[in-house]
Structure formats: structure tokens, C-alpha cells
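Report on the following structure.
We name chains A, B, ... by the order of the sequence lines, and we start the count at 1 in each one.
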Amino acid sequence: MSAQGARIGVVTFPGSLDDRDAARAVRLAGAEPVALWHADHDLKAVDAVVLPGGFSYGDYLRCGAIARFAPVMQEIIAAANQGLPVLGICNGFQILCESHLLPGALIRNDHRHFVCRDQRLQITNNTSLWTRDFELNEEIVVPLKNGEGGYVASDNVLDELEGEGRVIARYLEVNPNGSYRDIAGITNARGNVVGLMPHPEHAVEPLTGPTTDGLGFFTSVLSSLLQGAAR
Amino acid sequence: MARVVVDVRLKSEILDPQGRAVQGALGRLGLNGVTNVRQGKQFVIDIDGELDAAATEKLHEIAGNLLSNPVIEDYELSVEQA
Amino acid sequence: MARVVVDVRLKSEILDPQGRAVQGALGRLGLNGVTNVRQGKQFVIDIDGELDAAATEKLHEIAGNLLSNPVIEDYELSVEQA
Amino acid sequence: MSRHVDTVTNAANTPDLEQPFAELGVKPDEYARIREILNRRPTNSELAMYSVMWSEHCSYKSSKVHLRQFGDKKPDSDAMLVGIGENAGVVDIGDGWAVTFKVESHNHPSFVEPYQGAATGVGGIVRDILSMGARPVAVMDPLRFGPADAPDTARVLPGIIAGVGGYGNCLGLPNIGGEVVFDPTYLGNPLVNALCVGTMKHEDIHLAKASGIGNLVILFGAATGGDGIGGVSVLASETFEDGGPAKRPSVQVGDPFMEKLLIECTLEVLHAGLVEGIQDLGGAGISCATSELASNGTGGMHVYLERVPLRDATLTPEEILMSESQERMCAIVPPENAEKFLEICAKWDVVATVIGEVTDTGRLIIEWHGEVIVDVPPRTVAHDGPVYERPYHRPTWQDTLQADAPTADRLKRPTTASELRDTIMTMTAAPNLASKRWVTDQYDRYVLGNTVLAQPEDSGMVRVDEVTGRGVAVSTDCNGRFAKLDPYNGAKLALAEAYRNVSTTGAVPLAVTNCLNFGSPEDPEVMWQFSEAVRGLADGCLELGTPVTGGNVSFYNQTGDVAILPTPVVGVLGVIDDVERRTPMSWKTDGDLIYVLGTTADEFAGSEWAHEVHGHLGGLPPGIDLKLEQALSQILVACSRDGLIDAAHDVSDGGIMQALIEMALRSGIGARVWVPDNLDPFVFAYAESATRAVVVVARSEEQRFIDMCAARNFPATRVGVVDSAAAAEPALVVDGVYGDVLTLPIAELADKHFSTLPAIFGPTVG
Ligand SMILES: Nc1ncnc2c1ncn2[C@@H]1O[C@H](COP(=O)(O)OP(=O)(O)O)[C@@H](O)[C@H]1O
Ligand SMILES: [Mg+2]
């Protein structure tokens, strides 16, 4: 398959906000964005899926808690377990944790404020399907914006994630939300499901983002698809 | 040691978007007959020693002004001496 | 009609930023001896008719998976039939 | 519990029944007029409708005679597609694109319950924009508070910021700017103004009118609760025989998730071409929506009020008519489109209910379970409210105030390098000049991916068209101290500043919105401030060629007898054909030259220095010549277009020194600056003369730049050069300061500038 032909789904839940941005990032990376609707049991045969940021169902209960039960998520959970590349950004990360596709959970920021800032990160895994275009330990800057972005998990889980190299990015300089061990993003054991709190889709154009560092996540999955690494 | 539990609930006439979101989800998950859901907060406060009258009064003041927002919320306070 | 109350609390090993903030505030407001504060959620669910065993089981499932996240939270469920 | 519903028949049969009109704020002569219009006494429901629609807030009865100037003095402008009077004005920005923008106040509710008051303020203005058919694309929030360190500010400010952020962030609208200003007069009366910008294609413009006999009236969005019906409970308590109604909420709670669904749902039904007219529900809820839609359309409407979905079953019909429940819209839909309309609503989980239809009776008739409770000519409710010519006169103290000029003898000024250095450190940390990052870091500025400039840049700028790069820039400004010293020129200065901020980023100013925050209109001295400010703004807009497209008046902003500073907040919108050529506020290249455009004079009345250092307010505000302002704007835009400058920053509060410091802090790169020969160093640093900007010019462009300024006869003075090695560490190094050189390390400035708000309101991140 050629990367040009790659079709990447972007899910819209009621309350999704960064779905347009995610679709733009997919397009700028060279793939075709495909809109997926929360209420459909239909993945439209896409090659990968992005769960975008936002406040699905208002996120009044717990971020991602209700979205996890959406019809489209049943399909995504099944497909992810078969190896479909899935990227969860911010609310998408929360949904992946709530769905138990990724371990741990995200809680209210330790300083209890919503925070929007240009965040320096270190990429600490370049083998997952969504991070292979980065250099190991490469430093990037992408926007971060969340109110409930504190990554928490038990010590066992944290040790396991670190031991297996499954922390994909860490916060540098400032830990903006009290995440345990400065964790900004993680992957599953297979490397196809990645979740992170910062927003790479907001760093894809010099005009509107602090950098274009975010593109790497989207080009990575295209490289992965091209190399047949996915599925 | 005393354990003080403060339940904070939105006044019944105030819109509770959170409760409504949960109510919607309960229906979609197949729990029928739900007529109303309200979401509140609960604070569990552990205090060394016994609570005297002054401390209890202070607690009520705190519950009514800090832990709850009297404009939109009511609170209930209960003490378990242990 | 039944009223179901579900209390959801963060597991004790999980950092509770809000509880910690409240604890700090209590000290500043002159309440001494506070050793711990945890902030939780409370859901009050009104259901038409009586709760049978099946419905109660469903409620536990919902309380344990939707209303709380078992990775970080515990829940307690109580039913007041009315 | 039984209820009596007051019907039209009943009203006709009981002409002498006493009605509590005074409690509803209706004056005796207004009540008499209602009786005259109806030829009988009003029903309770009718009385409720008239009372709220004829209130100051809805009818603009005290301000109308003055606001007419915005129309009478309207400049010739091809840009205006929809003018004042609609939910929001619409301007043409080219390429088939139109933009709508408007600012509104939510002051009092935000004092009572800061979070929800501010949140619902954002929600309300977003629905105004949506109801024009536009997609909301950005918000801004001009705010005013009491002193930063006052205890009540600690209660009010964090809640308001969290509310603005909580609602806007959850809606997915980038916050691209605003204001945070502290002054003692706002302590008991903070100002929360909210601005929203929306974009659409020309053909998507929709208006609030109910035309087409037989078309359906569909209410959609949140269910109706007892929110915001305060006054009308007088009637409710009369309607209930026993007990009385259930308690009504004293504050409204917003549900941004519902509003987000409402946005998507509304845009989908509009784009599907299903809707004839549309109106948001804001103040006065269903009363306002039905009477305005009917009055603007075919003229008649029949409504079945019992169909309105309720959140609270105990609501009386009067209360349902009045309720200001959030997140609701009303659409006029041809019957053949109804099914499709309801389908789209269902897709978005939005409840939609047909509550009536359009008629040709010329009357708004509202039924309640088969009985007619309202039967009125809609125009008399919506448009023919009372108009007051309130008395006004120049305050007795105005002359004394203006005579108290901040001359060098009156207020001690720094006269040595070390005194000026101390002043600089005080000023850059002053709450009004310090970084507002504590606030703006709580707002999402990235969502939608079109934000080209946001805080702390001079104006917010968003891309409208991804293909062509066409975009808009918006800034809001007002120095209330200037307005107090001279409301006429104060309003012009506010306009000039917003206009300048837009030009500074390279956009061409196009249109104006405003939010006029004043004290009580029943105080003739406040009314004078108001009338002068409106006159100044209208004259200013005419001179600059930028029409007022809409706005909002907020009166009764006072604590006891003490009014707030007159605060005519002005929002200016500009267009830029390609956002790629935006001008950022700071330098980046060593060797670039720093110029000041404009003339600096000894003008300190109303300045931040007089306020912060001496707590002084007196004298005449800086002079303002809008022809010069226009020339400056043309230079800034031409420089952007021709690539002559690399950066520009407007000079306003805190003068040139503050502007230079903000530029240095933005880039982290130092510069060498020298005080021009003919200027006192302190005047150079802190005078607040209008119509100035600092610009950064590459050496290779210097000659062309000078020629351009000379051709327009506009003063440009070289005052510095970007120099990362000006001192051992990055610093602003100022030469010619009373015979000395001042070295201001950027790290030291940053420490002062960024720590003020966190020190007062607590740390956030980092
Ligand atoms: N409440 C706010 N919300 C968003 N942005 C704000 C707010 N207050 C200030 N800002 C932003 O901070 C920057 C500095 O504000 P200010 O000093 O008032 O600018 P200026 O004097 O140029 O009008 C501007 O970009 C402004 O838009
Ligand atoms: Mg500015």
C-alpha cells in the first residue's frame, strides 16, 4: 500500500473539539482523513484511527468515561486488539485509558487549573507505530491544553511501562499537570495504540503552531503503514 | 480521631448538567426507569483528637462557604467520632 | 420509587489534588489537626418502581465501570427503597 | 396545588383588577400605555412580557436616543452587510466571506456567582453570533476588576477566569484576546464583557424574522427551567393559591456541552436550507424570541405554550415566557422541512419541539392549554417600547478634575537614572501592566487550528480561509480613566487604541462593536458621561470610516452612589488578505532597527504611571487626532504589505518603556535604546500620548521605511537597535538617561512582570 492512499479515521463524539485539527494534520501528513461518527458501528475500512481532543459528552462524569461505551468504540477496541493503529490525543488518551486499551488513568491537574501552554517534550520511544519517525530522545515542542491531564497508575504499572520502553514521551522543564514520573504519553505492548496528553495536531503549520514538531506522529503512522508494520 | 463527611449537592432548582449526562448514559446502558440523577461532591476529612463545639462550628462555616458554594449548593455534614 | 446513592472515592494510593488543596485551606482557615482530606463524588439516582435483583446487579456493574473507574477509584452503593 | 391562569377573557372581564406592575419595574405611565395598546388591562402573562421587554436591558430605553448617532453618523462603507438592530452586525471581508462579531456584558451575574455568570456570558454571545448563520470561531473577554489585592477580587477573579475558560474551552472556541484591568471603582461591580467572532459565506446569512404563513415555530436546545425569572415571581406567587411556586434559582448554570451540540445542530439545519428565520434565546427568553421574530416577519404568530419542554414542572406560563434558561434557540421552519429538521436535531441529541406557527393576523397569540393568555401586536412588545430622554448635565466636579493636571510640580517624577530604574521595576510589575499569562494560560487558544495571533499580541488574528489565507484581526480596548477625565475624547481614545492594535498586526480596520458600561442612567452626571461617550464614538467612527455594527449597553454599574469609571469598551475588527504577512509584536534579528512612530508629549493625565505610583487621576487625557491615527494605520498596513517591518507593537498603557519591555520579554532578546535628544527620559519612557507604535525595521529596508513615513509626513524616530549582546546577559540597555546608562536585564524584568498575578492568585503551572 502507498502512504498516499492511506485513509485515517478521525472520530467525532458529541463534544469532540479538535476533530477538524486532527483531520487537517492527517491531510498535511499526506493521508486522507475519514470522518467517523460516534454512533455508528462502522470504521469505514480505515487504516488507522485518531481519537481527537475535546470534551466528549461534556466530560462531566469523568473524562472519556461515557465515550468508552459509544458504538464506534466497540469497533475500535476490537480492531485495536487486532493491531489497528490508534492514536488518542488528550480526550482521546482519556478514552483509551477508560477503555483499558492503555493502562492507568488521567486525573485533575495537581494545580487544579486548566492549562494551555507550549510544552517541551522528550520522545522516549521511537518504535511505536506513531513515533517511529522521531529520533530517540528527540526534544519537541507542541501545545498542551487540559484540565484533567495528570497521568496516574500504580507503581507496578509504571515500572512495567518504563521497563518495556512504553513511555513514548515525557514532560521536560515543567511537569504541567502532576503526571507521575513526568509521563506525557504511553503505548500498549504491541505499539499500535498510543495515547498522549499534548496536542501534536496543533503543531503542524508554522503559521498556527509553535512548531511543526507534531507532524511526526502522523507521518510515523504513514511510514508504519507503508512498511507494512501495521496489522 | 474524628471523621467528618460533608456531602455537597446542587440545590434542586439549579440545572445539573453532570447529572443529566449521567442520566443519558444510564439509559443508553440499559438501566430503565431512571427519573433523575444528581451528581454531588463528597469530602471526607480526618481530624486528630476530639471535635469540640468550636471546631464543629468552624467546620460548618467551612462546609457552607469553602466546600460548598452557598449560591448554588447545599451541604450536609456528619461526624463519626472514632 | 427507589433512591440509589453511589459514593465514589479515589483509592488511597492515588494523588488527590483537590483533597490536598482543601486540606491546605482548612489549615489556613484555622482548623487544626486535619490529617487527611479526600474529595469524592456522589451520585443520587432516582428509579421508578422497585429494584429487583437484576436491576441491582446492573447498578453495581454501572457503579463499578461507568460511575467509577476501577483503576483509580472505589465505590460504595446504598439503596433506599421509598 | 391549583393554579389560576389569567386569560385574555378574564382580563377583559376584570378591568379593575389591581396588578403589581410596580414590582415588575413598570412605571405608571408605561402601565397606562400597555392598557391603551391593548384596550384593556394586560393579562399577567402580557404584563410579564411587556415588563421585561420594556426593561432597560431589552429596550435600551435610556440609551436609544443617543445610540441613534451610530446610524445617523454612519460612514460610507461597502463592508456592512447587516447593520445595527439584528442579533449582530455582519461585514463583508471579501472573497464571498462575511464576518459577524459582537460584544456583550454579563456584569452583575458575574459578581453574584463569578464562574456561572462569566460562563453564561460567553454562552449568550456565542448564540447571538450563531443566530446570524455564522460559525463561531473565536472569543475574547474584556474584564475589569477591583484592586488586584482586594479580598473580594480574590473571590471574583479566579471564578470569572475559570468560567470564561470553562465555557469557551468546552465549546472549542479559541480565546484570542481580551483585557484585564484593575481599578477600585470596579470592586463591587466587576465587568465581564464577552466578544465572539463568527464567519460565514454571504449566502449563509440568516435573520431573525418569522415570515411565511403556516411556517412552524420550533424551539430547540435545552429544556426550560426557572432561570433568571427573578422579578416575575411576583406574578407566580399570585397565581398559586396555596403554598406558592417551588423555589426559583438565583443563578443560571451553563451547560457548554449542550451549547456545543446546539452549534453543530444549528449550523447543520441552516446549511441544509431548512430554516426561514432564526433567533437565539437570551434575555427575556421566549417573550423576546417570539415577539421579535413575529415583529420582523409577516407579523403574526400563534404559540402553544404548554408544548415547551420543561425542566421544572411547576413553572407558570408567565415564568415560561420569561425564563432565561440557557442553550436554547428558536427557528422558523416551513412545514415540508420539519421532518428533516427534527431528524438533524435528533442526530445531535437536541430536543426540538414545534411550539407554534406563523400567521397573518398581525398579532402574537399565545395559548396555554386551550386558553388565550397573550394577544398582542408583537411590534408593541419588541420594538415600540418606551423611549426616555433622560436629563443629563456635565458633572459639577468635572472642571475641578480636569484642572488637576499631573504636572511635574503636582506629582513627583523620577529625575535620576536610579529613580527611573526603580520606577521601571514598579511599573512592569504593576497589576495593570504585568503579564496576564496567569489568566490567558487557562484559555485554549489553539483549538480549530486557525489562530495566527493570540495573547499577548496586539490583536487576536484568525485565518478564515485556509486556501487563500484571508483572515480577520480583532482588538478590544478602553482606558476608563481617560473616559472619566473626558468621556468624549475618552471614547475616541478607546476607539483609536483598538483601531491601532488591529493595524499594528497588519490588518485593515473595517468595523466596530462596543459594550458601553456605565453607572445609573438616572444620575444625570452618569447620563452625561454616556451621551458624551456615544457622541465621541460615533464621531470617531465617522472620521475613521469604520461603522458601528452593533453592541451592548450596560447601565447601573455602581456600588451605592458611586459609579464605575465610564467604560466604553470598543472592539475593532480588521481584515487581512493573507495572514502569512501578519506583523508579530516582537523582534528576532540582531541589528534590526527600532523606531517609534508618532509624537511623544508630556501627557500623563489618566496614565498608568499617575495611577500606579501616585494614585492620581486628573487633568485632560492625551490629545487625539484621528486623521493622524488613520495615517499611522496606513503606514503599519503598508509596511506589512511591502515587507518593510519585522515587528510592531502599539504604545498605550505604560508608554514606550512598557512597549519595549513587552517586546524584549516576548523574544527574550535584548536591545540597545537611546532617549531622543529633545525628550526628557521619563517623558520618553512613560508618557501615554496616543497614535504611536514601536516598529522594528531591517537595515536593508530602512531607507524605504523612512521614505514611506516622510511621504505621509508622519514622524518616525530611531530609538534603538536589536542587540542580543547589548550587555553581559540579555538586557534592554537604555542610553541617555540623565547622563547615565540603564541596564535592565531581561531576567529581572521577567521576574517582575510575570510574578505579580501568581503572587496574588496562587501559582498555576511552572
Ligand atoms: N482576559 C483576557 N483574555 C484574553 N486575553 C487577554 C485578556 N487580558 C489580556 N489579554 C491579552 O493580553 C495582551 C496584553 O493585554 P493589554 O496590555 O491590555 O494589551 P493592549 O494594551 O495592547 O490592549 C493582549 O494580547 C490581550 O489580548
Ligand atoms: Mg496592544
Pick one of side chain, backbone, both or neither for A:Tyr60, based on which atoms fall under 4.5 Å of a heavy atom in chain D.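 Just the side chain, heavy atoms under 4.5 Å.
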
Using non-hydrogen atoms and a 4.5 Å limit, figure out which bit of A:Pro52 sits close to chain D: side chain, backbone, both or neither.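 Neither the backbone nor the side chain of A:Pro52 comes within 4.5 Å of chain D.
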
Within the 4.5 Å heavy-atom criterion, are [X] and [Y] side-chain neighbours or not?
X	Y	result
D:Phe761	A:His113	no
A:Pro14	D:Leu261	yes
D:Lys347	A:Trp37	yes

Contact class of D:Val579 relative to chain A, heavy atoms under 4.5 angstrom: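 Contact with chain A is through both the backbone and side chain of D:Val579.
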
Please give me the minimum heavy-atom distance between A:Arg117 and D:Arg445, naming the atom from each residue.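 Nearest heavy atoms, A:Arg117 then D:Arg445: CA-NH2, 4.2 Å.
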
Taking every non-hydrogen atom, the tightest pair across A:Asp18 and D:Val447: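 Shortest heavy-atom contact: OD1-CG2, 3.1 Å.
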
Decide, yes or no, whether a salt bridge links D:Asp444 with A:Lys145 under the criterion of side-chain N to carboxylate O below 4.0 Å.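 Yes, charged N to carboxylate O under 4.0 Å.
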
I'd like to know if D:Arg463 pairs up with A:Glu205 as an ion pair, taking the criterion as any Lys NZ or Arg NE/NH1/NH2 lying under 4.0 Å from an Asp or Glu carboxylate oxygen.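 Yes, D:Arg463 and A:Glu205 are salt-bridged.
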
Would you compute the distance between atom [atom1] of [X] and atom [atom2] of [Y] and round it to the nearest 0.5 angstrom?
X	Y	atom1	atom2	value
D:Phe257	A:Tyr57	CZ	OH	7.5 Å
D:Ile161	A:Phe114	CD1	CZ	14.0 Å
D:Lys260	A:Ser56	NZ	OG	12.5 Å

Give the ring-plane orientation class for A:His202 versus D:Tyr446, where under 30° counts as parallel, over 60° as perpendicular and anything between as tilted.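 Rings of A:His202 and D:Tyr446: parallel, under 30°.
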
Out of [options], which one racks up the most heavy-atom pairs below 4.5 Å with chain A?
options	result
D:Leu448, D:Thr451, D:Val452, D:Leu171	D:Leu448
D:Glu466, D:Glu580, D:Glu264, D:Arg582	D:Glu466
D:Asn169, D:Asn450, D:Asp255	D:Asn169
D:Cys170, D:Pro158, D:Gly172	D:Cys170

Which one of A:Val115, A:Val204, A:Asp59 has the most heavy-atom pairs closer than 4.5 Å to chain D?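 That would be A:Val115.
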
Who among A:Asn109, A:Asp118, A:Asp110, A:Asn177 has the most heavy-atom pairs with chain D under 4.5 Å?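 Highest number of pairs under 4.5 Å: A:Asp118.
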
